[in-house]
Engineer: 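Got a structure for you, questions after.
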Amino acid sequence: VLQLNRSELSDVSSADRLFAIDDLFDAPDGHRLDSLSPDCKEDMTALISAHFGKFLYPEFALDVLLPIIVSPIRIHQVILKGHTYFAGHYSECLEIDAKLTGRDRPFRADYFKVDIDILFRPNTRNDSCVGGLAVGRVIGWSLGLCLPASCSSAELESLVISDEAKHNPICAIHKTNDSLEDPDAGFYITISIMGVIFVVCLLSGVVDFFFSDLINGKPASRSLPWRMLMCFSKHSNVASIFDTSGGKKEGQISPIHCIRFFSMCWVVLGHLTASSLLVVANPLDIVGLSRDLTTEFILNAFFTVDSFFSIGGLLLTFLWFKSYHRNPRQTNSPGAWIMLYAHRILRLSPAYFMMVAFNALVMHQTYRNSPFNLNSMTQSEAEMCKSSWWLEFTYLQNFIDKGRSQCHGVSWYLATDTQIFIFTPLLILPLALKPILGFAVAAVIFVVSSAWNIFLVYHYHWPASLSLLGAIVLDMTNFENYMFLMYFSPITRCQVYIIGMLVGWFLQTKKRMRINQMVNIVLWMLSLALMLTLLLGLHSQTTGTLMPIFWRAMYSAFSKPAWALCLSWIIIACYYGYGGPINSFMSWHIWVPLGRLSYCGYLVHYPMMNFVLGQVHDEIYFSSFTEFAITKVIPVIALTYFASIFWSACFEIGFGKMEMLLLGGHRMRVKQEESAPVKRKLSQNTREDPLQIRIRL
């Protein structure tokens, strides 16, 4: 992945041109010291003088110069393993706080990242200092150094990057926290809103736990303020997350919780592996794992998204047709459709919007005083969040600016899923009126989606999947729009959603089904074999053999639907009692709360991942996948689910209950108006709380 090849690296190394801290001290233009601030000038003068053997203070050599020259690492270690950021020791820089004889102010150091030209060309050349990350290729070196804390990065750059400065390859200098702005109004507003909601959840939980038995049955328990307060009870909401009593009731699709949990773990594994490539000192050792066949399970973690899309479509039609079979007129009324859309937006948005605000306005402040905020990944994310965080609230971030300005990187899924959801009546209504018509509509949409996918691969010569490892397609064009046209697009993603919708309709329509034992075994074997084929089928391309464009197009267009079909068979077989021990495992009650937390887990896993990676202040080396799983993957998954408990209790369940409370009466009125007069009378005479009716359903 290095732009330099081994021959160029050998030439640079043999000529002793690899950069070190001594080279930095040789570069400054001494005439420009007067342009520095007084404190910075005093510290830099002492440091440069000591470099040339003249010590202005007796303690300087031991207390200042020694820790400064031993803390950074010279550019030479494991560069053939993709090592480009030689971080040094952050904590050792901050420990430099020396009292010097003859001056009142101590000498303090801070951590700086120095960017260096990839070929060590002088920074006065026009072709030098292209710098940064571009299309996955590292085209610059970085070195962590201890320099005077009294100096800003701009002042140090003025010494070494100027027409008068000595020729050197320094391109830029970054001080810790340079990329972080001071907390603004958005930070304090977000913290205040979150704090108020968390306090309300905590207090209502305490009141619920200690006083609910005293108030229940009294007029106060039916008052709107009390019921709104109880919506946010952390005690009740957390208890509802871990309540597994209804997990195996008749008509439940029990394996879905298991699929959600393991899909969420798979998402964390894929994202954490990809992010580690930008953090570890030896990324090529991670890339080297691709030679192992089992690594395809990580490279093809993209199928987790298809699992979520398929389950989303399945649950939509399963629940809609359940209501439709009970009361067709009410379920298919305009008011019911309006409430269906309103319910989805109001259910998803509070937890989602709060996470977007937290990630954009608060999360980056947690990187303060950490070298992690100098990482290119966090810097690029911070830049996008400054200007485009509000786009997430529109559910259109996958279209606006072609999906390149997403603040919360994983939020594209919610946008795409919502856009597909809006058009689901195009399939639901034909299925309700005449199933054969619904299947015809589904076939037309499926064909259009597949044709568009195939066209993109043929027209732009795109790869079979998003993975950039292995064989390179030399004649590929317009890949910068791959995410917008292919990966984020509801046009290509709707295939698996349609399959899920048809399966949900089937499960709700066909209450019982007998499957021949031999047919059951064959279908199980075919499904599992096809899933393994989809996961491992690109290994030859990963190891360097380019697939013909026909097979790339076929895999790109039909691998996702094939995955959804295999998943559908697993759900169908388990639902009708033909899953055997697999169904027993997937229907285990322990998966119920973990499955319920999958939505909030998806929202919080990226900040949790960055939080864990940001705790290491020195260089991180990848040793083995086992070590990576134990020290990174498992802790991130555990933290993700721990945080999602509180996020779900306050922002998902709490606001969901409040939505039921405030709009539940309207839903009941719609139902009463559309029902028969006798049913209306019975409904009006019942003493059961409409909110409790809705919660039970």
Side-chain angles (χ1 to χ4, degrees), residues 2-4 12 17-29 32-33 35-37 40 43-44 47-48 68 71-75 79 82-88 90 93 109-181 278-279 281 364 367-384 386 619:
L2 287 177
Q3 187 182 25
L4 288 174
V12 170
R17 290 165 54 200
L18 297 179
F19 195 83
I21 189 170
D22 289 341
D23 301 307
L24 176 69
F25 292 146
D26 287 335
D29 174 18
R32 296 180 66 85
L33 286 173
S35 65
L36 305 178
S37 63
C40 179
D43 289 345
M44 282 302 298
L47 195 56
I48 295 173
I68 282 181
S71 176
I73 301 176
R74 184 181 178 90
I75 295 181
I79 57 177
H83 196 184
T84 58
Y85 180 16
F86 301 82
Y90 174 82
C93 290
D110 204 342
Y111 184 86
F112 290 78
K113 187 182 77 165
V114 179
D115 294 335
I116 301 161
D117 181 69
I118 187 71
L119 289 173
F120 304 99
R121 294 165 295 196
N123 53 37
T124 53
R125 286 179 47 166
N126 292 332
D127 60 347
S128 66
C129 296
V130 182
L133 288 170
V135 199
R137 295 181 303 159
V138 181
I139 55 178
W141 310 93
S142 296
L143 184 66
L145 298 177
C146 301
L147 295 172
S150 58
C151 298
S152 67
S153 54
E155 288 178 310
L156 295 178
E157 284 184 356
S158 70
L159 287 179
V160 298
I161 307 176
S162 67
D163 294 336
E164 295 83 10
K166 297 179 183 178
H167 286 245
N168 64 84
I170 300 172
C171 300
I173 299 177
H174 311 275
K175 189 177 183 179
T176 305
N177 301 332
D178 264 0
S179 62
L180 295 178
E181 297 179 353
L278 302 176
V279 175
H364 291 92
Y367 307 146
R368 187 170 294 277
N369 299 323
S370 167
F372 191 66
N373 67 59
L374 297 173
N375 184 276
S376 59
M377 177 178 65
T378 56
Q379 287 181 339
S380 61
E381 186 180 79
E383 287 298 321
M384 285 188 292
K386 286 179 183 177
E619 290 192 333

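No experiment lies behind these values; they were computed from the predicted model shown.
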Engineer: Taking atom types as modelled, is there a side-chain donor on His364 or Asn373 under 3.5 Å from an acceptor on the other?
Structural biologist: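 On atom types as modelled, these side chains do not qualify, holding no pair under 3.5 Å.
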Engineer: Looking at every heavy atom in both Cys146 and Ala109, which two are closest together, and how far apart are they?
Structural biologist: CB-CB, 4.5 Å
Engineer: Quick one: CG on Asn177 to CG on Asn369, what's the gap to the nearest 0.5 Å?
Structural biologist: 4.5 Å
Engineer: Could you tell me whether a side-chain N or O of Thr176 sits under 3.5 Å from a main-chain N or O of Tyr111, the two making a donor and an acceptor?
Structural biologist: yes
Engineer: Determine the minimum heavy-atom distance between Pro148 and Asp43, stating which atoms define it.
Structural biologist: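 In terms of heavy atoms, the two residues are closest at CB-CB, 3.7 Å.
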Engineer: Classify the ring geometry between His83 and Phe86 as parallel (under 30°), tilted (30 to 60°) or perpendicular (over 60°).
Structural biologist: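 Rings of His83 and Phe86: tilted, as their planes differ by 30° to 60°.
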Engineer: Measure from the side-chain N and O atoms of Glu157 to the backbone N and O of Ile173, and report whether any donor-acceptor pair falls under 3.5 Å.
Structural biologist: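 Answer holds: yes.
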Engineer: Rounded to the nearest 0.5 Å, what separation is found between the CZ atom of Phe112 and the OG atom of Ser152?
Structural biologist: 7.5 Å
Engineer: Considering non-hydrogen atoms only, spot the tightest contact between Asp117 and Cys171 and give its length.
Structural biologist: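 That closest heavy-atom pairing would be N-SG, 3.4 Å.
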Engineer: With the side chain counted from C-beta on, respond yes when Leu156 and Leu36 share a heavy-atom pair under 4.5 Å apart, and no when they do not.
Structural biologist: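 Heavy-atom side-chain distance check fails, nothing below 4.5 Å.
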Engineer: Within the distance-only criterion (no hydrogens, no angle test), does the side chain of Lys175 pair as donor or acceptor with the backbone N or O of Ala154 below 3.5 angstrom?
Structural biologist: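 Answer holds: no.
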Engineer: Could you pull out the closest heavy-atom pair between Leu374 and His174, with the gap in Å?
Structural biologist: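 It is CD2-CB, 3.9 Å.
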Engineer: Run the side chain to side chain contact (heavy atoms under 4.5 Å, CB included) test on Trp141 and Val114 for me, step by step, so that the C-alpha distance in whole Å, both residues' side-chain angles and the decisive distance to 0.1 Å come before the verdict.
Structural biologist: CA-CA 8 Å; Trp141 310 93; Val114 179; over 6 Å; no
Engineer: Provide the closest heavy-atom pair for Met44 versus Cys151 in the form atom of the first, atom of the second, distance.
Structural biologist: CG-SG, 3.7 Å
Engineer: Measure the spacing between SG of Cys40 and CG of Leu33 and express it to the nearest 0.5 Å.
Structural biologist: 8.5 Å
Engineer: Rounded to the nearest 0.5 Å, how far does CG of Leu180 lie from OH of Tyr367?
Structural biologist: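 Going from the OH atom of Tyr367 to the CG atom of Leu180 covers 9.5 Å.
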Engineer: Calculate, to the nearest 0.5 Å, the distance between atoms CG and NZ belonging to Leu145 and Lys113 respectively.
Structural biologist: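 Nearest 0.5 Å value for the CG-NZ distance: 12.0 Å.
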Engineer: If only atom types and distance count, is the side chain of Tyr85 paired as donor or acceptor with the main-chain N or O of Glu619 below 3.5 Å?
Structural biologist: no
